[in-house]
Amino acid sequence: MSAETPAKKELAAIKGTKDILPGEVEVWQAVEAETRRLVELYGYRELRTPIIEPTELFEKGTGETSDIVTKEMYTFTDKGGRSITLRPEYTPSMARAILEHRLDLLPEPMRYYYIGPMFRYDKPQKGRYRQFHQLDIEVFNEKDPAIDAEIIEMADALLRTLGVEGTETLVNSVGCRACRPAYSRDLRSHAEKVRDRLCPDCRRKIATNPLRIFDCKVEGCREQAALFPKITATLCQECREHFARVCSYLDLYKVAYRVEPNLVRGLDYYTKTTFEIISGGLGAQNALLGGGRYDDMMKDFGGPDICGIGFAMGVERLISVLQIRPERKTVLYIAHMGDAGKRKGLELARFFRRNGVESLVEFGSKGFKAQFGRANKLGAAWVLVIGEDEIRKGLYQLKDMAAGTQTEGTPEDLLKIIQDKKI
RNA sequence: GUGGGUGUAGCUCAACUGGUUAGAGCAUCGGACUGUGGAUCCGAAGGUUGGGGGUUCAAGUCCCCUCACUCACCCCA
């Protein structure tokens, strides 16, 4: 079967997006199923929101000065003149849904999750796509530092249950509105004093985002940054105590982690705890998941003063470090001879499918030799043989392809053989 | 958005300093082989060499533009 029209390159998937084909999609399905199972053990419920939102939601939620909002959003005007944006992240949508439906008035704990596509107009590279997928986890109205630790422990448990190895968990506190401004001022004045020893990029960061100087890879900048004050040393009383409790609970869970005072998350809304789990083998985009606390978002939305905490995990990145590559094979292939054989095959396929056995019937008329060859290529575990003799007797041949053995019996007999072997 | 690298069949790769009709392996399809698979042999199909322009008697090969992929910066999942 040769393709009559070769795929035109002009009709390829757009830059930064990908098809997920059979052979790989099974990995996605397994990851999604395992993820749902695990987070529901922690009391999370799925909450789905639209892919499109009013642009304003992200301007207010993600932050007007963030890179995401200033240069990475897919924004357009719809026919009604509204400014619409394809969600670049999930947290603001989640917060919006909570307020819109007043879920904060329900007795259930507000623990939600979602797995789905996000959109950012970035330049694609390893582990970075324009349409990518995230697992998003959020908890609202839970001030206790125990939830900070539990959420990190859950992230750790999820990666373990999926078989991810060689990760490192980084935690930090970025303070709150009471103590962070003072720290930023402090940092700026320190950086200003050594301005001429910093790279051009970092000189610019002094004004825009001094915390980011810690991320610079230039040797001179790193030397200077090492001398800057640590945020962990200048936290206010409340933030310091909160962070100490988070760490002590993590110790209780025996989760391995490293306090990384230089860990700065890029989104503006974080307060107190931030964390990230990184993995080697991901190149420059090494964050498998990242998140933190955002105690002021709901209030900023004009809603009740309830706090939030959560994280997002990159599904593409996760899958790229997974070892598992499950493949789905055909179970039962039905080979036949003659028109009566074909009709009986179609009938029996229905019988087997109704009893939970995946079945494929050969539609063409080939010799048994060719049909067995085809079954073999499809990786069929079983082949049902229907010829004149079988139809006359009402007894069919079932071949176990791996063992090479063949059994005769009624459809019910043969079904039982397949079902027994499955267990 | 800024740099660097790479684009040849579905996949992995060939094609000497520019030189006839761009080849091979794997995969696909057909045959040897109309009552039983994996092997082997034979054959077929599959390409505007990512696209466009230029230099040249002659371009897969050199130059320019563009697109895509890729790595890093940046940002982040």
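First the proteins, then the strands, lettered A, B, ... as listed; each starts at 1. Computed from a prediction, not measured in an experiment: that's the story for all the values here.
Counting only distance, with no hydrogens or angles, the side chain of A:S93 and the backbone of A:T91 share no donor-acceptor pair below 3.5 Å. Side-chain atoms of A:R120 do not come within 3.5 Å of backbone N or O of A:Y129 as any donor-acceptor pair. At distances below 3.5 Å, not a single donor-acceptor pair connects side-chain atoms of A:D156 with backbone N or O atoms of A:V255.
A:T49 and A:Y90 make their closest contact through N-OH, 2.9 Å (heavy atoms, listed as atom of the first residue, atom of the second, distance). The minimum heavy-atom distance linking A:C179 with A:C239 is given by the pair SG-SG, 3.8 Å.
The separation of B:U56 from B:C62, taken at their C1' atoms, amounts to 10 Å, rounded to a whole angstrom. Atom name C1', nucleotides B:U8 and B:A68: the rounded distance is 15 Å, in whole Å. When the P atom is used for both B:G31 and B:A22, the distance is 30 Å, rounded to whole Å. For the C1' atoms, the distance from B:G53 to B:G10 is 30 Å, rounded to whole Å. Between B:A59 and B:G52, the two P atoms lie 14 Å apart (nearest whole Å). The same atom, P, is picked in B:G60 and in B:G50; the two are 10 Å apart, to the nearest Å. Taking atom C1' on both nucleotides, B:U49 is separated from B:U21 by 15 Å, rounded to a whole Å. With both ends at atom P, the span from B:U34 to B:U70 equals 47 Å, rounded to whole Å.
Using a 4.0 Å cut-off between charged side-chain N and carboxylate O, A:R177 and A:D295 make no salt bridge. Between A:K393 and A:D389 there is no salt bridge, since no side-chain N of the basic residue sits under 4.0 Å from a carboxylate O of the acidic one. A salt bridge is absent between A:E72 and A:K123; no separation between the charged side-chain nitrogens and carboxylate oxygens falls under 4.0 Å. Electrostatic pairing of A:R36 and A:E34 does not count as a salt bridge here, judged by no charged N lying under 4.0 Å from a carboxylate O.
A:R353 is linked by a side-chain hydrogen bond (donor to acceptor under 3.5 Å, both in side chains) to nothing, counting only residues two or more places apart in sequence or in another chain.
Note: CZ (A:F58) to C1' (B:C75) measures 18 Å, nearest angstrom. Computed from coordinates, the A:E362 CD to B:U36 P distance equals 16 Å when rounded to whole Å. The interatomic distance linking A:K393 (NZ) with B:G35 (P) rounds to 17 Å, in whole Å. For the pair A:L384 CG and B:U36 P, the interatomic distance rounds to 16 Å; values are reported in whole Å. Rounded to an integer number of Å, the gap from CD of A:E408 to C1' of B:U36 is 15 Å. Protein atom CG of A:L378 is 15 Å distant from nucleotide atom P of B:A27, rounded to whole Å. Atom C1' of nucleotide B:G1 and atom CZ of A:R130 are separated by 11 Å, given to the nearest angstrom. Spacing between atom CG of A:D389 and atom C1' of B:U36 amounts to 13 Å, rounded to whole angstrom units.
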Between N or O atoms, less than 3.5 Å apart, protein on one side and nucleotides 38-44 of chain B on the other: list the pairs.
| unit_1 | atom_1 | unit_2 | atom_2 | d |
| --- | --- | --- | --- | --- |
| B:G38 | O4' | A:N376 | ND2 | 2.8 |

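Note on A:A375: nothing from the nucleic acid sits closer than 4.0 angstrom, heavy atoms only. When heavy atoms are screened at a 4.0 angstrom cut-off, A:G290 is found touching the sugar-phosphate backbone but no base atom. Nucleic acid contact for A:E89: none, since no nucleic acid atom lies under 4.0 Å from a heavy atom of the residue. Residue A:G338 is classed as having no contact, given no heavy-atom separation below 4.0 Å to the nucleic acid. A:V315 comes within 4.0 angstrom of nothing in the nucleic acid, heavy atoms only. At a threshold of 4.0 angstrom between heavy atoms, the contacts of A:L135 with the nucleic acid are absent. Residue contacts for A:E388: at a heavy-atom cut-off of 4.0 Å it reaches a base atom on one of the strands shown. Contact annotation for A:K126: backbone-only contact, meaning every heavy-atom pair under 4.0 Å involves sugar-phosphate atoms and none involves a base. Within the nucleic acid shown, A:E390 comes within 4.0 Å of at least one base atom, counting heavy atoms only. Here A:K377 lies in heavy-atom contact (under 4.0 Å) with sugar-phosphate atoms only.
The 5' end of RNA chain B is approached more closely, in terms of each residue's nearest nucleotide, by A:D400 than by the other of A:I68 and A:D400.
Results of the side chain to side chain contact (heavy atoms under 4.5 Å, CB included) test with A:E138 over A:Y294, A:Y114, A:Y44 single out A:Y294 as the only residue that passes.
For B:C29, one of the phosphate oxygens OP1 or OP2 lies less than 4.0 angstrom from a side-chain nitrogen or oxygen of A:R374. Taking 4.0 angstrom as the limit, A:K15 places a side-chain polar atom (N or O) nearer than this to OP1 or OP2 of B:A68.
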Base-pairing string, 5' to 3', of RNA chain B - Watson-Crick or wobble, under 3.5 Å, | interstrand = (((((((..((((.....[...)))).(((((.......))))).....(((((..]....))))))))))))....

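Distance from the side chain of A:Y129 is smallest for B:A77 among the nucleotides B:C75, B:A77, B:G30. Here the nucleotide nearest the side chain of A:K123, chosen from B:G3, B:C74, B:A77, is B:G3. Counting only heavy atoms from C-beta on, A:Q125 has its side chain closest to B:A72 among B:G35, B:C76, B:A72. Relative to the side chain of A:Y121, the nucleotides B:A77, B:G1, B:G30 differ in distance, and B:G1 lies closest. Side-chain proximity of A:R128 to B:U36, B:A72, B:A77: nearest is B:A77.
Judged by distance alone with a 3.5 Å cut-off, no donor-acceptor contact links the side chain of A:Q397 to the base of B:U36.
Contact annotation: the side chain of A:F132 never approaches that of A:R128 to less than 4.5 Å [non-hydrogen atoms, C-beta and beyond].
For A:T410 and A:D413, the side-chain atoms include at least one donor-acceptor pair closer than 3.5 Å.
Ring stacking holds between A:F372 and B:U36, with the centres under 5.5 Å apart and the planes within 30 degrees of each other.
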